[in-house]
Amino acid sequence: MTTYNPKEIESKWQSFWRKEKTFSVKEDPNKKKYYVLDMFPYPSGEGLHVGHPLGYIASDIFARFKKHQGYNVLHPMGYDSFGLPAEQYAIQTGQHPALTTEKNINRYRQQLDRLGFAFDWDREIRTSDPSYYKWTQWIFLQLFDSWYDVAEKKAKPISKLVSHFENHGTQNLLASCTKELVFSPKKWNAYSTENKEKVLMNYRLAYLSMSQVNWCPELGTVLANDEVKDGVSERGGYPVEQKEMMQWSLRISSYAQRLLDGLDQVDFTPSLKEQQRNWIGRSEGLLIDFEIEAQPQIIKVFTTRPDTIYGVSFMTLAPEHHLVQQITTDEYKTDVLSYLDVVSKKNERERQSNVGNPTGVFTGAYALNPINNEKIPIWISEYVLYGYGTGAVMAVPAGDQRDYDFAKEFNIEIKNIFKGVSLASNAYVEKDVEYINSPAIEGLNYEDATDVIMTTLIQKKKATKKVNFRLRDAIFSRQRYWGEPFPIFYKNSTPYPIKDTQVLLPKVDKYLPTKDGRPPLGRAGREDWNVFLGDQMELNTMPGWAGSSWYFLRYMDPKNENELASAEKLTYWNQVDLYVGGAEHAVGHLLYSRFWTKFLYDLNIISFEEPFKKLLNQGMIGGAIESLCLKKEKKDGKPVFICSSQIDNNQFVKIPCHIDFVSDYGTKNSYLTPNQIAEFTHWRPEFKDALFEINNELYSVSELAKDTSQKLYTLTEHGKMSKRYFNTIDPEKICDTYGADTLRCYEMFLGPIEEHKPWNVNGISGVFGFLKKTWALFQQAKQEEQTKEELKTLHKTIKKVTEDIENHSFNTVISTFMIAVNEWNKLPQISLKTMETFTVLLSPFAPHISEEIWKKLGYESTVSKAPWPLFDESFFEESSYEYPISFNGKMRYKLALPLSLTKDEVEIEVLKNEKTKKHLADKEIKRVIVVPGKIVNIVV
RNA sequence: GCCCGGGUGGUGGAAUUGGUAGACACGCAAGACUUAAAAUCUUGUGACCAUUUGGUCGUGCGGGUUCAAGUCCCGCCCCGGGUACCA
């Protein structure tokens, strides 16, 4: 009898699969398709750790499962290979990012291959490959060449806009734009070419504009809103400032409503949908015009609470508001200017950290309340955001806490408009109250009051209904080297597209961005570009999310040189049926790719509006961080380490320790043996003279070597898995000891796929043991008739495994396998036929061992081609019966009872439960129904 | 503050969605095989009492609905994630 030898089996099958191209797929109109996609990785220098493959294993299981079910499954893999880390490495070492990227990709591939994934590597893509980014650039050009028709809710070619301008000017035009423009066809036709370009830029979906951007001096680049968290860069955590710069942006805001509506058609987790909804931030309200006393201008204000308009006691403008200078009276000019100066020196973070301490200044001007012509003082305050709504608010201290705080701070009147509400310490933000001091709406509820005010103001032509979105346009330029170059050149400072030749990323001698924002591509000379037109080429590159916003389409036809992908293949593979990846991309990648998909849909390139039908978010696998505790006080000039159990507050420093030296890693009782302490001091030579305090005794390394029973306990914390903490675990290491199949099953067994969990190796022996038992079971299986007993177990397993895979409950599948094997092990004999079916069930999880068994069973075809077994209920029929007493159909009770009961025992069991018995005492039991499973229905 | 998740043995986690709570696994304990170890196998393992037969308590806390609640309702506490001067 041979023992289970994963190493031998796995290398054998992996090379077989590679040689036979087992997992390569072709479009086949006769077969139903299924598209399983992983978020492709960025090939970092760290390589994969055990956390990375979690999602890939899950998707691989699902893809293999679907293949067994007869689907034509597309399950590709590639690399998101443009990006910051490769560039940073290039800056440090001078090596071209393409080289390091290539090296990292090879390492990734080697690691991925060992896990036995069923990827179709013929379809591999890399976003940094010119044959790929050619199409990223192409999509950019389509965006550049498009505008958004608000009336038809659709992107259209810019040529249509031009002809509209030629014939009608801006008359009857409903288009997304940066600024509302009004001109006649005559005026348009008289514009110079450059002027026309400027006007069109106002409408293009990819447009160049001077805008407030998040500038990160440390990274030397601008960042999109979703790349900034808490006022610092998401990558690296460097401070971010607001800066006016000429930048490319994508008009994603045009798609806000469709991005919101589309969420109803996709299967994402509620929390992820909620994140996207919040990010899009739709709010319905009223755009109200406030006249300014004795001045011609009006101030537009957006509000969601028109019902509180009688409570307006002042108005606040953002410091950047365009009317600030004009309306400020001479008397207050100095105050206002000095306030503007103070605010302009603050960065975004400082302005935001000021919550609760309102600052502001009076302009001397007054606005008129459109409902009753009351005079309202106009203030300026930094709490009003220029970028949201109109950059001006009608302040209602009674109904808004910020307005309330502001009014308190500057002694502005707080008008009470709510009946029976005290405004002594807080604003009243609920909507469940009657109004007072509000002539037109007293006695009305919130809905009716809102309605009355809206109708009144709209009739007076003082307001319009307005839907506001929080979603900003996405800045699309980066002042970096390692990204897609724009297919754009400049002539007389006007940008023009380059359509005929692909612009390739030129070579430069240094990759370092400059502090003043001039991109590294500025170092490329005219001769370094493969195309050079006009006065200058665009020197910015595209952001990291450009290539990842459409990669799922390229997998369908990765080598097509004439199109992004052929229409036929786009139609066949269609939407991604299952997309597996982390939830951290909720408002970045997942929103941008939805946006690009909708845009390509408008262009009739694809026939679907949502890229991902279903999204499965895998949790992160964290790592335990093990540290030795170093006392702050030295002893005779030597550092002293102490057990984690002996530490007192802050009298120690944590020295992270490589987990290779730690026993019982990741547990509360993790420790170092004297041998491991020696290894540690060898690894960190600066501690070679250190002393170790164990049980109040001090030992040197050499003294400890004599007493190997000593333990130095380490401090265990849970955190990320990273080289920084010396706690990364290479999946290949696990493969060396247990094999890839064990690793695959174990990662699934660890817990629900969506959950975040720390890596530990505590239970891996159980999973390994299961595979060994399965192997042994196969060895002793005989070619005999299948018994009812083994078939019962088999079909129970088929049912549960099929259901659980469909629900992505992979951890319980492994348990089900274990139960089956244990049950069969208790039988004196099991047939090869049963083993054969079980092998198919097992193969998505442990493909190598399954393939080996399958082969030994005498099948030529691979496991992936075997049909998925179907559940046969007939093996359970005998335990399913009705026990009719009589029936009046009045009430039904369910009671859990053992399945094995005979008819007579059922009634006894029912009456065993005291409370139920009491309850049923005065009732006549009409019928008892025992169903397969365990439920008993009692009808009384 | 607001919006989502979640709280079950020593541990990771099951529980047919209202029906025997703790499947499966780890760990631990005892035993078998072995000169020994490893490996493997068997048995036990929520707590407390009775130690045989049982009994009582038990899913963060407090109430409620129900013959029956981890699951539903009301009120708290704690943990994780997201997000915020968004008018």
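Proteins come first, then strands; the chains are lettered A, B, ... in the order of their sequence lines, and each starts at number 1. Only heavy atoms go into these numbers, but all of them, side chains included; no hydrogens, no water, no symmetry mates.
Taking atom NZ on A:Lys273 and atom P on B:rG82, their separation rounds to 21 Å, with Å as the unit. The nearest whole Å value for the distance from the CH2 atom in A:Trp759 to the P atom in B:rG13 is 14 Å. Between the OH atom of A:Tyr738 and the C1' atom of B:rA39 there is a distance of 13 Å, given to the nearest Å. Residue A:Asn825 contributes atom CG, which lies 15 Å from atom C1' of B:rC24 at whole-angstrom precision. Rounded to whole Å, the distance from NZ on A:Lys796 to C1' on B:rU16 is 13 Å. Here the P atom of nucleotide B:rA14 and the CG atom of A:Asp804 are 11 Å apart, to the nearest Å. The distance from atom CE of A:Met315 to atom P of B:rA87 is 17 Å, rounded to the nearest whole Å. The separation between A:Asn811 atom CG and B:rA23 atom P is 15 Å, rounded to whole Å.
Taking side-chain N and O atoms only, A:Asn760 has no distance below 4.0 Å to OP1 or OP2 of B:rC26. For the OP1/OP2 pair of B:rA87 and a distance below 4.0 Å, the side-chain nitrogens and oxygens of A:Tyr383 include no atom meeting the criterion. Side-chain nitrogen and oxygen atoms of A:Arg282 include none within less than 4.0 Å of the OP1 or OP2 phosphate oxygen of B:rC86. Applying the 4.0 Å criterion to OP1 and OP2 of B:rU40, one finds that A:Lys772 has a side-chain N or O inside that range.
Candidate nucleotides B:rC24, B:rC26, B:rU83 were compared by shortest atom distance to the side chain of A:Phe749, and B:rC24 ranks first. With distances taken from any side-chain atom of A:Asn822 to the nucleotides B:rC86, B:rA14, B:rC24, the minimum falls on B:rC24. In the set B:rA25, B:rU83, B:rA87, B:rU83 carries the atom at the smallest distance from any side-chain atom of A:Arg470. Set against B:rC85, B:rG13, B:rA25, the side chain of A:Pro752 has B:rG13 as its closest nucleotide. The A:Thr304 side chain lies nearest to B:rA87 when the options are B:rA87, B:rA15, B:rA84. Between B:rC26, B:rA14, B:rA87, one nucleotide has an atom nearer to the side chain of A:Asn762 than all others, and that is B:rC26. The side chain of A:Leu385 lies closest to B:rC86 when the candidates are B:rC86, B:rC24, B:rG13. In the set B:rA14, B:rC26, B:rA87, B:rC26 carries the atom at the smallest distance from any side-chain atom of A:Ser765.
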Nucleotide N/O of nucleotides 1-8 of chain B paired with protein N/O under 3.5 Å:
none

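Between A:Asp264 and A:Arg277 there is a salt bridge, since a side-chain N of the basic residue sits under 4.0 Å from a carboxylate O of the acidic one.
Straight-line distance between the P atoms of B:rU42 and B:rA25: roughly 11 Å, to the nearest whole Å. Nucleotides B:rA14 and B:rC26 are separated by 15 Å at their C1' atoms, to the nearest Å. B:rU66 and B:rU11 have their P atoms separated by 36 Å, with the value rounded to a whole Å. Spacing of C1' atoms, B:rG10 relative to B:rC76, comes out at 29 Å, to the nearest Å. Atom name P, nucleotides B:rU20 and B:rA68: the rounded distance is 15 Å, in whole Å. Nucleotides B:rG6 and B:rG55 are separated by 35 Å at their C1' atoms, to the nearest Å. Taking the P atoms as reference points, B:rA37 lies 12 Å from B:rG31, given to the whole Å. Nucleotides B:rG81 and B:rG13 have their P atoms positioned 16 Å apart, rounded to a whole Å.
Look at B:rG9: its glycosidic torsion is within 90° of 0, and that puts it in the syn range. Because its glycosidic torsion is within 90° of 0, B:rU17 is reported here as syn.
In this structure, B:rA36 forms no base pair with any nucleotide, since neither Watson-Crick nor G-U wobble geometry is met with both distances under 3.5 Å. B:rG80: Watson-Crick or G-U partner is B:rC4, with both key distances under 3.5 Å. With a cut-off of 3.5 Å on both Watson-Crick or G-U wobble distances, the partner of B:rC67 is given as B:rG19. In this structure B:rG27 sits in a base pair with B:rU45, meeting the Watson-Crick or G-U test at under 3.5 Å. Remark: B:rG9 base-pairs with no nucleotide; criterion is Watson-Crick or G-U wobble with both hydrogen-bond distances under 3.5 Å.
Aromatic ring pairs are classed by plane angle as parallel below 30°, tilted from 30° to 60° and perpendicular above 60°; the pair A:Tyr4 and A:Trp775 is tilted. A:His589 and A:His585 have perpendicular rings, their planes meeting at more than 60° on a 0 to 90° scale where under 30° would count as parallel.
Taking the centre of each ring, A:Phe406 and A:Phe314 come in below the 6.0 Å mark. Taking the six-membered ring where the residue is Trp, the centroids of A:Phe845 and A:Phe817 are separated by under 6.0 Å.
Heavy-atom distances to RNA chain B give each of A:Lys800 and A:Asn468 a nearest nucleotide, and the one nearer the 5′ end belongs to A:Lys800. Nearest-nucleotide positions on RNA chain B for A:Asp400 and A:Gln275 put A:Gln275 closer to the 5' end.
Side-chain contact annotation: A:Asn468 with A:Ser283, donor-acceptor N/O pair under 3.5 Å absent. Side chains of A:Tyr446 and A:Asp307: no donor on one and acceptor on the other come within 3.5 Å.
A:Tyr404 places no side-chain N or O within donor-acceptor distance of the main-chain N or O of A:Ile414, the cut-off being under 3.5 Å.
Among all heavy-atom pairs drawn from A:Leu771 and A:Ala846, the shortest one is CD2-CB, 4.0 Å.
Residue-level contact check: A:Lys826 touches neither bases nor backbone, having no heavy atom under 4.0 Å from any strand.
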Does the side chain to side chain contact (heavy atoms under 4.5 Å, CB included) test come out yes or no for A:Ile814 and A:Tyr746, once each step is laid out?
CA-CA 9 Å; A:Ile814 309 281; A:Tyr746 181 58; over 6 Å; no
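To the nearest 0.5 Å, the span separating CG on A:Leu777 from CD1 on A:Ile830 amounts to 4.5 Å.
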